[in-house]
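Numbering of ligands and ligand atoms starts at 1, following listing order.
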Amino acid sequence: MDKLVREVGPWVDKDRFWDREQELTDLIELLDEGANILITAPRRIGKTSLIRETGNRLADRYCCIQLDLQKSHSPADVITELSVATRPYMDLWKKTKEVFKNVISPLTNIDSLNINDLSIKFRDDLLNYWQDKGNRMIEVIACSEKPVIIFMDEFPLVVNRILKGPDYKMTPERLKETDAFLSWIRSITIQYKQKIRIVLTGSIGLEPILHQARLSNTINTFTPFEVNPWDKETASGCLAALAFNYGVVFENGSKEKMIELLGSCIPHHVQMFFHHIYTDCKKRSSMKCTMEDVERVYNSLMLSIRGHAELRTYEERLEMVLSSDILPLALELLTEAAVVGKLTAEAAMVLCRDFFPNDLKPGEALREIIDILEHDGYLVKKKEGHVFISKLVRDWWKSRFGYQYTPAARRTIAS
Ligand SMILES: Nc1ncnc2c1ncn2[C@@H]1O[C@H](COP(=O)(O)OP(=O)(O)OP(=O)(O)O)[C@@H](O)[C@H]1O
Ligand SMILES: [Mg+2]
């Protein structure tokens with residue numbers, strides 16, 4: 001029987017990484033064939049964990065460069081991350097130092113600088129000539145003995161920032177810079193085919209952002225790769241391995257009840273649920289977990305303020321991708337879906353008109369929002385309308401925003 005150590009939040013790899021064997025096999029097959037890959041998946045599915053584990057498994061055959069672009073705002077920031085990431089590879093680092101020798105005084109021992117100081121120096125140098133230095137860095141990386149995979153996590157966040165800036169406005173200059181950056185990435189995939197592969201992923205979807213900017217063609221050298229929630233068997237196996245490790249005994253049907261309550265087995269939610277069950281067992285001084293315990297823990301701990309804090313990330317990511325004028329409408333659409341159980345096209349139009357009574361084309365803002373909500377795994381389109389994919393996220397949304405909410409149908413009657 002397998003044992004698994006819990007981890008609730010940060011990415012996992014090695015012995016904390018559960019399953020995803022099929023995804024790993026498929027991803028590695030594609031990379032071996034020379035593909036560049038765009039991983040698309042909803043929030044908290046385990047995208048970062050998957051690329052980290054892929055990197056581990058390929059470390060002997062490829063030079064794997066992992067970039068976390070969470071804090072990057074510009075092409076210069078991305079190239080800075082790329083440059084400092086070559087440091088663990090002696091052969092590449094020697095050449096990187098050559099590229100940046102103009103910014104390091106001959107009296108400074110570059111190897112004695114910490115990553116922060118190095119990043120500041122590199123970034124200053126890159127601000128004006130990111131393309132030139134970026135090209136030189138790619139040449140350096142292409143010299144690696146092994147083929148290279150550059151994993152760029154949170155890539156859509158940087159693209160969104162370059163495109164919209166701090167005020168979420170697409171200006172012609174920002175559009176031009178985004179186009180130049182994406183074209184540069186695209187040119188790497190064409191010019192260094194077979195030598196360098198790029199894997200893009202992130203916690204917000206890239207396609208809706210590029211669609212808004214009419215730049216979708218810039219990523220057509222990337223093969224889309226979908227990662228879905230775990231199926232019931234995988235989630236059940238994970239819960240069993242966690243339970244075995246911590247001595248929790250699931251009584252008849254309680255494990256299945258957990259899966260039923262979640263509705264969609266998003267790995268982070270599975271781990272979070274187990275963590276609360278285990279904490280509850282310890283508090284009760286009994287390692288037995290019944291169906292009633294599961295329901296009680298779900299309604300109290302999972303939907304509690306603490307649960308809210310962990311699920312706040314769903315709200316935060318929307319704040320990052322939507323402008324402040326349409327964000328309140330997006331939140332309202334989700335509240336309608338949570339409270340009523342579905343979001344119909346008519347209800348969406350009523351809410352949109354409430355927000356933008358003078359808008360002649362209300363459909364445009366709606367389309368942008370629905371695109372993002374579908375793509376990022378909040379809602380799925382069913383016959384009856386859009387519904388939440390995850391029951392947990394729906395319940396949480398309802399308990400956070402549903403209080404005193406007036407559904408769209410009642411508003412039309414009132415008006
Ligand atoms: N393969 C896995 N095995 C075990 N737990 C996992 C696995 N993948 C994800 N998790 C759980 O999900 C959490 C988040 O993982 P990760 O950061 O990889 O997700 P993500 O999809 O990158 O999230 P985000 O959308 O915020 O970027 C982990 O802390 C862990 O609880
Ligand atoms: Mg991630």
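Using a 4.0 Å cut-off to heavy atoms of R43, the atoms of ligand 1 that qualify are 24 (P), 25 (O), 26 (O). Those atoms of ligand 1 with a heavy atom of V8 less than 4.0 angstrom away are 29 (O), 31 (O). Which parts of ligand 1 touch F17 is read off a 4.0 Å heavy-atom cut-off, strictly below it: atoms 1 (N), 3 (N).
For the residue pair K255 and S236, a side-chain donor N or O sits within less than 3.5 Å of a side-chain acceptor on the partner. Using modelled atom types, one finds a donor on one side chain and an acceptor on the other under 3.5 Å when comparing Y298 with D395.
Heavy-atom separations between W230 and ligand 1 include at least one value shorter than 4.0 Å. Judged by the shortest distance from any of its heavy atoms, E154 lies inside the 4.0 Å radius around the atoms of ligand 1.
Classified by interplanar angle (parallel below 30°, tilted 30° to 60°, perpendicular above 60°), the ring pair F250/F274 is perpendicular. Ring planes of Y378 and W397: perpendicular class, angle over 60° (limits at 30 and 60°). Using cut-offs of 30° and 60° for the angle between ring planes, the Y278 and Y246 rings count as tilted. Classified by interplanar angle (parallel below 30°, tilted 30° to 60°, perpendicular above 60°), the ring pair W396/F401 is perpendicular.
Heavy atoms of Y314 found under 4.0 angstrom from ligand 1: none, in either backbone or side chain. At a 4.0 Å heavy-atom cut-off, ligand 1 touches R16 through the backbone alone. Contacts between V12 and ligand 1 below 4.0 angstrom, taking non-hydrogen atoms only, involve the side chain exclusively. Heavy atoms of Q271 found under 4.0 angstrom from ligand 1 belong exclusively to the side chain.
Ion pair R20/E23 flagged as a salt bridge, since at least one NZ, NE, NH1 or NH2 atom sits closer than 4.0 Å to an Asp/Glu carboxylate oxygen. Remark: E260 engages K257 in a salt bridge, criterion side-chain N to carboxylate O under 4.0 Å. The pair D280-R284 counts as a salt bridge, with a side-chain nitrogen and a carboxylate oxygen less than 4.0 angstrom apart. Salt bridge annotation for R16-E7: present, with a cationic side-chain nitrogen under 4.0 angstrom from a carboxylate oxygen. With respect to the salt-bridge test (charged N to carboxylate O, under 4.0 angstrom), the residues D293 and R296 qualify. Of the charged side-chain nitrogens involved, at least one lies within less than 4.0 Å of a carboxylate oxygen, so that E315 and R312 count as a salt-bridged pair.
Residue, atom and distance of the protein heavy atom nearest to atom 2 (C) of ligand 1 are W18 N, 3.5 Å. Closest to atom 29 (O) of ligand 1, if we only count protein heavy atoms, is P10 O, 2.5 Å. Protein heavy atom at the shortest distance from atom 10 (N) of ligand 1 is P267 CB, 3.5 Å. The single protein non-hydrogen atom nearest to atom 22 (O) of ligand 1 is T48 OG1, 2.8 Å, given as residue, atom name and distance. Scanning the protein for heavy atoms near atom 27 (O) of ligand 1, the closest one is S203 CB, 3.4 Å. Given atom 16 (P) of ligand 1, the protein heavy atom at minimum distance is S49 OG, 3.6 Å. Ranking protein heavy atoms by distance to atom 31 (O) of ligand 1, first place goes to E7 O, 2.5 Å. Among all non-hydrogen protein atoms, the one lying nearest atom 23 (O) of ligand 1 is R44 NH1, 3.1 Å.
The cationic atom of K146 (NZ for Lys, CZ for Arg) does not lie both less than 6.0 Å from the six-membered ring centre of Y62 and within 45° of the ring axis.
Among the atoms of I45, some N or O lies under 3.5 angstrom from an N or O of ligand 1. Geometrically, ligand 1 and G9 share a nitrogen or oxygen pair separated by less than 3.5 Å. In terms of polar-atom proximity, R20 is not counted as a contact of ligand 1, lacking any N or O under 3.5 Å from an N or O of the ligand.
Once rounded to the nearest 0.5 Å, the distance linking CG of L329 with CG of L334 reads 9.5 Å.
The Mg ion (ligand 2) has T48 OG1 as protein N, O or S atoms under 2.8 Å away.
Residues H375 and E207 have side chains in contact (heavy-atom distance under 4.5 Å, counting atoms from C-beta outward).
Nearest heavy-atom pair, S49 versus V12, reported as atom, atom and distance to 0.1 Å: OG-N, 2.9 Å.
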